[in-house]
Amino acid sequence: MTSGRITLWYALSVVVASVIPATALAVPVVPNFTQGSMTSHTETTSKVTETINSIDYATGWQYSVSGSNVTNGGQSLSPNPTTNSVIVNPLGGTEGQVTSANSGLDLNGQSFAIETPGAAFQFTQTYMGPGVTNQTVIQRTTEVTSITDTTSIFTQ
């Protein structure tokens with residue numbers, strides 16, 4: 001019978017041991033190195049395309065008459081003003097439109113003739129009305145590459 005008691009005692013010991021919770025023990029983590037390094041390489045490329053559209057336009061008019069041995073039959077040298085509309089469609093495929101309404105001159109009523117036929121004469125009449133006087137379109141593409149190399153060195 002003793003062997004039966006030993007078996008019973010052993011079975012009870014296993015049951016009691018499995019019911020008692022075991023405490024967990026933490027083990028500290030210690031780095032296993034003395035020194036090291038880390039290298040990082042980053043390349044960034046950006047491409048920028050831009051259009052610069054510069055438009056110069058006159059908002060009024062300029063008129064001048066000069067000469068010698070020329071007559072206008074006593075008429076006024078100041079032509080009648082009129083209203084002009086100027087619409088500018090920019091070149092270079094850029095958006096936008098400039099519309100301008102300005103006063104101008106009606107030169108249809110002006111009449112000039114040589115005062116003394118056969119004699120030398122000189123005559124100059126200039127008129128510059130409102131509108132575009134100059135347009136400059138600059139299109140450029142800029143590509144920028146940025147390179148960053150980083151090295152980190154650490155020791156224990």
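Side chains are part of it too, since the values below use all heavy atoms of this structure and drop only hydrogens, waters and symmetry mates.
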Evaluate the side chain to side chain contact (heavy atoms under 4.5 Å, CB included) criterion for residues Thr39 and Asp149: first the C-alpha distance (whole Å), next the side-chain angles of each, then the deciding distance (0.1 Å), finally the verdict.
-> CA-CA 7 Å; Thr39 302; Asp149 288 319; 5.8 Å; no
Would you please test Ser64 and Thr126 for side-chain hydrogen bond (donor to acceptor under 3.5 Å, both in side chains) and show each step?
-> CA-CA 5 Å; Ser64 68; Thr126 60; 2.6 Å; yes
Which pair of non-hydrogen atoms, one from Ser37 and one from Ile153, has the smallest distance, and what is that distance?
-> CB-CG1, 4.1 Å
Rounding to 0.5 Å, atoms CG (Asp56) and OG1 (Thr136) come to a distance of 6.5 Å
How about Ser146 and Thr44: does a side-chain donor come under 3.5 Å of a side-chain acceptor?
-> no
Say you draw a straight line from OH of Tyr127 to CD of Gln125; how long is it, rounded to the nearest 0.5 Å?
-> 11.0 Å
Ignoring hydrogens and angles, state whether a donor on the side chain of Glu143 or Thr145 is under 3.5 Å from an acceptor on the partner side chain.
-> no
Apply the test side chain to side chain contact (heavy atoms under 4.5 Å, CB included) to residues Val48 and Val144: give CA-CA distance (whole Å), side-chain angles for both, the deciding distance (0.1 Å), then the verdict.
-> CA-CA 8 Å; Val48 176; Val144 178; over 6 Å; no
Should Met128 and Val65 be regarded as members of a common hydrophobic cluster, given that ILVMFWY residues are connected when their side-chain heavy atoms come within less than 4.5 Å of each other, either directly or indirectly?
-> no
Quick one: list whatever passes side chain to side chain contact (heavy atoms under 4.5 Å, CB included) with Thr141, sequence neighbours left out.
-> Lys47, Thr49
Gap between atom CD of Gln135 and atom OG of Ser54 - 0.5 Å precision = 8.5 Å
Shortest non-hydrogen contact from Asn69 toward Thr116 | OD1-N, 2.8 Å
From Phe121 CZ over to Ser68 OG, what is the distance, rounded to the nearest 0.5 angstrom?
-> 9.0 Å
Gap between atom CE of Met38 and atom OG1 of Thr150 - 0.5 Å precision = 8.5 Å
Heavy-atom nearest pair, Phe112 first then Val70, reads CB-CG1, 4.0 Å
Would you say the side chain of Ile55 lies within less than 4.5 Å of the side chain of Val132, judging by non-hydrogen atoms?
-> yes
Distance in Å, Ile114 CD1 paired with Thr71 OG1, rounded so as to fall on 0.5 Å steps | 11.5 Å
